[in-house]
Number of protein chains: 2
Amino acid sequence: MGVPLYQAKAEFFKTLGHPARIRILELLCERDHAVHELLDQIAVEPSSLSQQLAVLRRTSMVVSRREGGEVLYSVSAPEVRDLLLAARRILTELIHVYDESATPAPAST
Amino acid sequence: MGVPLYQAKAEFFKTLGHPARIRILELLCERDHAVHELLDQIAVEPSSLSQQLAVLRRTSMVVSRREGGEVLYSVSAPEVRDLLLAARRILTELIHVYDESATPAPAST
DNA sequence: CCACGAGTTGCATACATCTTCAACTCGTGG
DNA sequence: CCACGAGTTGAAGATGTATGCAACTCGTGG
């Protein structure tokens with residue numbers, strides 16, 4: 001274990017720190033998608049999408065396979081789905097905290 | 001809801017995408033810490049630590065209070081603990097996937 | 001009132017990431 | 001064999017993020 005765990009965690013979260021990559025993962029959680037299908041859903045250039053897919057491939061969060069004239073992507077493990085669900089849940093909770101601290105306390109006390 | 005959810009998620013993960021910030025959160029999950037205590041544990045310059053604390057404050061993940069001659073930090077909500085635990089669990093799972101895919105398939109085909 | 005320790009803030013530099021264009025690879029079909 | 005559509009890769013410019021130094025704020029104690 002050369003890399004300290006907290007650094008691995010940071011790298012991992014960094015991978016998730018991009019809107020397009022989040023969208024890709026969410027779409028792939030529903031079902032496998034061909035690249036051109038993702039392209040229809042996510043407004044980015046083909047090359048840019050490909051770059052983000054490469055990032056996700058490098059971290060083993062997704063895998064690709066060629067099928068006919070197209071390349072299909074899918075999430076590499078069910079844990080990825082779990083992760084996104086957990087994130088959604090926790091983010092919702094934190095948004096509450098966020099609101100509270102941003103709100104000048106309406107009429108509390 | 002001006003900001004799309006997937007972008008909020010990305011921002012959120014980006015906040016976690018830094019080793020020092022991960023360490024800070026982990027330490028604060030154990031108990032509240034004064035800045036100089038964090039400084040002892042996390043090898044960074046005082047100013048750098050302060051910057052990271054500012055990032056975490058901005059996203060409402062931690063809060064600070066002055067007490068005597070020092071400033072104490074704590075996690076803003078228990079969900080933060082949940083999040084780090086979830087992350088650890090899921091990261092462990094993914095590391096397995098990682099290992100498998102990194103292994104050149106011993107004697108396949 | 002002054003000196004200090006504890007933290008913070010403001011930059012300037014260095015570094016990493018994102019975006020886009022163009023060139024290139026690979027199968028498929030004519 | 002050539003033309004094409006689907007994806008990928010490489011490189012350059014634009015942005016964003018991190019780091020370290022110096023200057024500054026704030027309470028505390030002498």
Side-chain angles (χ1 to χ4, degrees), chain A residues 3-4 6-25 27-28 32-76, chain B residues 3-4 6-25 27-28 31-76 101:
Chain A
V3 181
Y6 60 84
Q7 180 147 4
K9 284 184 195 172
E11 292 295 328
F12 172 69
F13 284 126
K14 225 184 286 184
T15 302
L16 296 171
H18 190 290
R21 292 196 289 265
I22 292 285
R23 291 226 61 197
I24 292 169
L25 287 175
L27 289 169
L28 293 186
D32 295 3
H33 283 71
V35 175
H36 63 88
E37 290 178 320
L38 295 173
L39 215 38
D40 292 341
Q41 304 291 319
I42 309 176
V44 295
E45 298 275 310
S47 64
S48 190
L49 177 60
S50 210
Q51 305 267 22
Q52 308 309 341
L53 286 171
V55 172
L56 293 173
R57 253 185 289 130
R58 252 177 259 130
T59 57
S60 297
M61 298 189 78
V62 308
V63 295
S64 65
R65 64 181 188 281
R66 177 149 224 139
E67 204 159 286
E70 53 192 23
V71 178
L72 296 179
Y73 277 83
S74 41
V75 297
S76 62
Chain B
V3 181
Y6 60 83
Q7 181 147 4
K9 284 184 193 171
E11 293 296 328
F12 172 70
F13 285 126
K14 226 184 283 183
T15 302
L16 296 171
H18 190 290
R21 292 197 289 265
I22 292 285
R23 291 228 62 199
I24 292 169
L25 288 176
L27 289 169
L28 294 186
R31 63 171 175 80
D32 295 3
H33 282 70
V35 175
H36 63 88
E37 289 178 319
L38 295 173
L39 216 39
D40 292 342
Q41 304 292 319
I42 310 176
V44 296
E45 297 276 310
S47 66
S48 190
L49 177 59
S50 211
Q51 306 269 21
Q52 309 308 342
L53 286 171
V55 172
L56 293 174
R57 254 185 288 129
R58 253 177 259 132
T59 58
S60 298
M61 298 190 77
V62 307
V63 295
S64 65
R65 65 181 187 281
R66 177 150 225 136
E67 204 159 287
E70 54 192 20
V71 178
L72 295 179
Y73 278 83
S74 41
V75 297
S76 62
S101 70

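In what follows, every chain begins at residue 1, and chains take the letters A, B, ... in the order their sequences are listed.
Contact of the A:Thr59 side chain with the A:Phe12 side chain is not registered, since no non-hydrogen atoms from C-beta on lie closer than 4.5 Å. Looking only at side-chain heavy atoms (C-beta outward), B:Ile42 and B:Leu27 come within less than 4.5 Å of each other. B:Gln52 has its side chain out of reach of B:Arg23: every pair of non-hydrogen atoms, C-beta onward, lies at least 4.5 Å apart. Side-chain atoms of A:Leu39 and A:Pro46, non-hydrogen and from C-beta on, do get closer than 4.5 Å to each other.
Contact annotation: side chain of B:Gln51 to base of D:dG20, donor-acceptor pair present below 3.5 Å. Between the side chain of A:Ser47 and the base of C:dC21 there is at least one donor-acceptor pair of N/O atoms closer than 3.5 Å.
In terms of heavy-atom proximity, B:Thr15 sits nearest to B:Leu56 at CG2-CD2, 3.9 Å. Across all their heavy atoms, B:Pro19 and A:Ala10 have their closest contact at N-CB, 3.4 Å.
Both B:Ser64 and A:Gly68 sit near DNA chain C, but only B:Ser64 has its closest nucleotide nearer the 5' end. In terms of position on DNA chain D, the residue among A:Arg66 and B:Val44 whose nearest nucleotide sits closer to the 5' end is A:Arg66.
The phosphate of D:dT8 (OP1 or OP2) has no side-chain N or O of A:His36 nearer than 4.0 angstrom. Distances shorter than 4.0 Å separate some side-chain N or O of B:Tyr73 from OP1 or OP2 on C:dT8. At least one side-chain nitrogen or oxygen of B:Arg21 sits closer than 4.0 Å to the OP1 or OP2 atom of D:dA18.
Candidate nucleotides D:dT8, C:dC26, C:dT8 were compared by shortest atom distance to the side chain of A:Val71, and D:dT8 ranks first. Distances from the side chain of A:Arg57 to the nucleotides D:dT17, C:dC18, D:dT9 place D:dT9 closest. Of the candidate nucleotides C:dA6, C:dT8, D:dT8, D:dT8 has the atom lying nearest to any side-chain atom of A:Leu53. When distances run from any side-chain atom of A:His18 to the nucleotides C:dG7, D:dA18, C:dT19, the shortest one goes to C:dT19. Among the nucleotides D:dG20, D:dG7, D:dT8, the one closest to the side chain of A:Ser50 is D:dT8.
Base pairing in DNA chain D yields stems of at least 3 consecutive Watson-Crick or G-U pairs, both distances under 3.5 Å, namely C:1-30 with D:1-30.
Between atom CD1 of residue A:Ile24 and atom CE of residue A:Met61 there is a gap of 11.0 Å, rounded to the nearest 0.5 Å.
Residue B:Ser48 is classed as a sugar-phosphate contact, given heavy-atom separations below 4.0 Å to backbone atoms only.
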